[in-house]
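Below is one structure; the comments refer to it alone.
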Amino acid sequence: MSDEIDEIFRRAKEGRALFVDRDALSPEYIPERLPFRDTQMNSVAEVLAPILHESKPSNILLYGKTGTGKTAVARRVLSKLQAEGKKNLVVSYVNTRLANTEYRSLAELGQSTGVQIPFTGLSIGEVVDRIFKEIRAKGIHVILVMDEIDYLVKTFGDGILYEFTRSGDRLAPGFLSLVGISNDLKFKEGLDPRVLSSLSEEELVFPPYTVDELRGILTERAHTAFRSSVASAAAINLCAAMAGSEHGDARRAIDLLRIAGEVAEREGLKEIDDSCIRRASDKMEHDRVEEAIRSLPVQNKAILLAVSKFRGGTNTGELYLAYTNLCRRAGIESLTQRRVSGILAELDLLGLIEASVVSKGRRGRTKRIQLLIGDETLGKTLSEDTTFGKNS
DNA sequence: CCTCCACTGGAAACCTAGGCTC
DNA sequence: GAGCCTAGGTTTCCAGTGGAGG
């Protein structure tokens, strides 16, 4: 036993030699220079520059799929802007999907402008009023970055965007400019035309990286992150190809390279080979699923567990029966079928199950439900939850 | 071509936890 | 502390429906 531990430590010590600066491959790392994004950086900088002579920059919308560098460009430009040392400038960054509700998105904006917002109890309108009041009173110049703004619009409508885009003189001498970041190229369709015209005074599209560009990015990062000869050109090619085959997602490519490096390190290898990369890719998928399950509310877990009882799929009625039984045994309240149907749709969206509506003619209409993940992953992750500890 | 099943999914009402003002 | 407010999750109610079997 202790031999094994010694062995792990020994390998870790040797392995450490693979990485020089692991952070260069972390998701938060933003390099000084963003390769292949000079045009976009300059454009954003040009749009925002007027703030340095006290006038309100146009609102700007950044479009592009995940991992095309939108967030990195926005952050980089804004941090340079902040470095200019302008006193009344406030840069607020909100990821609306992580904030999860309109209210919490606003609360984050409030935080950065210096308004304390209780985590519940106020109406949206009241929160907006308070923030606006603060901006006016202090003459603050706010640049609000709303990341994944399409999520906000899709789930809650454009209510607060409307407020923002029309805030105009209500804020003088302060002002608020929006930098919207969207993964969805079509999200404008659902927008009120007045909001749209104001929000997209300027627009910038981020094309997906080509495999060649990904290779360039990875090479640069690998250079800082690893010792020389750890990540061969062949390894980098494979990472770029695997991540790029779908949609030129740089984040995924970088994650893949980092995890492949970690795998190699753990194995005590001197360099990253193909099998490291393939295993890294499997691990990423596995981790994504585990994390998704772990963060589920109890009821959703129970439903997922009920789904897993049926090898080869089931339908709503049958599942609901199994689910209520399971709840009784686990000693938790069960929800109505209507709600379960809604939760099934959520689980479908997360990619944990597949639920599609099928009609069986005279025998009614239902959802065909199938588990998309492995039993062991599910069992292992759910057994951490004390509610389901024993059975399953 | 019509029926009719076993649900789906929209809408509204209800509930709880929390903050607000007075 | 009373009486108001809201968000978010859930329940209640119900009209709507695709298509196999008649």
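Chain identifiers are assigned alphabetically (A, B, ...) following the order of the sequence lines, protein sequences preceding nucleic acid strands; residue numbering begins at 1 within each chain. Keep in mind that the numbers below use all heavy atoms, side chains included, and drop hydrogens, waters and symmetry copies.
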Residues 342-358 of chain A vs salt bridge (charged side-chain N to carboxylate O under 4.0 Å, His left out), sequence neighbours excluded, gives A:R339-A:E346

Sorted by chain and residue number, the salt bridge (charged side-chain N to carboxylate O under 4.0 Å, His left out) partners of A:R76 (sequence neighbours excluded) come out as A:E32

Strictly under 3.5 Å: I want the nitrogen or oxygen pairs between protein and nucleotides 15-17 of chain C, one per line.
residue: C:dT17; atom: O2; partner: A:R365; partner atom: NE; Å: 3.0

The correct set of residues in residues 292-303 of chain A placing a heavy atom under 4.0 Å from DNA chain B is none

Side chain to side chain donor-acceptor pair (under 3.5 Å) filter on A:K360, not counting sequence neighbours, yields none

Respond yes when some side-chain nitrogen or oxygen of A:K367 is under 4.0 Å from OP1 or OP2 of B:dG9, and no when none is. yes

Quick note, side-chain hydrogen bond (donor to acceptor under 3.5 Å, both in side chains) partners involving residues 211-222 of chain A, not counting sequence neighbours, are A:D212-A:R215, A:R215-A:N237

Applying side chain to side chain donor-acceptor pair (under 3.5 Å) to A:E271 and not counting sequence neighbours gives none

Under a 4.0 Å heavy-atom cutoff, the residues of residues 333-341 of chain A touching DNA chain C are A:S334, A:L335, A:T336, A:R338, A:R339

Residues passing the side chain to side chain donor-acceptor pair (under 3.5 Å) test with A:D375, sequence neighbours excluded, are A:R311

- Query: So, A:T366 versus A:T316: side-chain donor-acceptor pair below 3.5 Å or not?
  - Reply: yes

Here the distance between atom C1' of B:dT8 and atom CD1 of A:I369, to the nearest Å, is 12 Å

Contacts of A:S92 meeting side chain to side chain donor-acceptor pair (under 3.5 Å) (sequence neighbours excluded), chain-then-number -> A:S112

Residue set satisfying ring pair (Phe, Tyr, Trp, His ring centres under 6.0 Å) with A:F36, at least two apart, ordered chain then number -> none

Here the salt bridge (charged side-chain N to carboxylate O under 4.0 Å, His left out) pairs for residues 46-74 of chain A, sequence neighbours left out, are A:E54-A:K86

